[in-house]
Amino acid sequence: MVLHPGVTYPDRDALERRIDEHSRADLNRYVPATELVKGLFGDSTTANVFVVGVALQSGVLPVSAANLERAIQLNGVAVDRNVAALRWGRQWVIDAA
């Protein structure tokens with residue numbers, strides 16, 4: 001898609017099926033992170049951190065929440081927003097509403 005911008009993005013359902021076929025489907029979480037983060041913060045810059053929070057809370061990352069938050073602090077970039085995005089991602093797993 002980078003080299004050939006005319007190529008259309010694959011259908012979402014087809015992508016999810018392929019991911020589920022090659023992973024532990026029962027642990028997969030499909031979340032509209034971009035939309036949620038835009039609603040929370042006004043833009044989508046922290047969507048990836050939100051997804052890390054989802055993965056963390058889902059139990060598929062072998063790292064603690066404290067260590068992830070410390071890594072965000074050590075990185076020093078938009079610390080408050082990134083920590084909040086991580087926590088919101090974790091909360092989404094607990095209660096998506």
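Just so you know, these numbers come straight off a predicted model, no measurement behind them. All values below were derived from every heavy atom in this structure, side-chain atoms included, with hydrogens, water molecules and symmetry-related copies excluded.
A salt bridge links R12 with E16; the closest basic N to acidic carboxylate O contact falls under 4.0 Å.
Taken from CG in L86 to CD in E69, the straight-line distance is 5.5 Å, to the nearest 0.5 Å. The distance from atom NZ of K38 to atom OG1 of T45, rounded to the nearest 0.5 Å, is 11.0 Å. Note: D20 CG to L27 CG = 10.5 Å, rounded to the nearest 0.5 Å. In this structure, CZ in F50 is found 12.5 Å from OG in S44, a value given to the nearest 0.5 Å. How far CZ of R81 is from CG of L40: 10.0 Å, rounded to the nearest 0.5 Å.
Linking ILVMFWY side-chain heavy atoms closer than 4.5 Å, directly or via other members, places V54 and V63 in two distinct hydrophobic clusters. Side-chain heavy atoms closer than 4.5 Å link hydrophobic residues (I, L, V, M, F, W, Y) into clusters, and following such links, possibly through other members, connects V93 to V37. Under a hydrophobic-cluster definition in which Ile, Leu, Val, Met, Phe, Trp and Tyr are linked whenever side-chain heavy atoms come within less than 4.5 Å, directly or via other members, V49 and L68 are assigned to the same cluster.
Looking at every heavy atom in both residues, A47 comes nearest to A33 through O-CB, 4.1 Å. The two residues G53 and R90 make their nearest non-hydrogen contact at O-CG, 3.3 Å. Residues A85 and F41 approach most closely at N-CZ, 3.7 Å, considering heavy atoms. Shown here for L61 and L56, the closest heavy-atom pair between the two residues is CD1-N, 3.9 Å.
Atom CG of D11 has more than 12 neighbouring heavy atoms from other residues, nucleotides or ligands inside a 6.0 Å radius. Atom CZ of R29 has more than 12 neighbouring heavy atoms from other residues, nucleotides or ligands inside a 6.0 Å radius.
A 4.5 Å side-chain heavy-atom check between T46 and W88 finds every atom pair outside the cut-off.
In the hydrophobic clustering (ILVMFWY side chains linked at under 4.5 Å, chained through shared members), I19 is joined by Y30.
The backbone N or O of V77 sits less than 3.5 Å from a side-chain atom of N82, completing a donor-acceptor pair.
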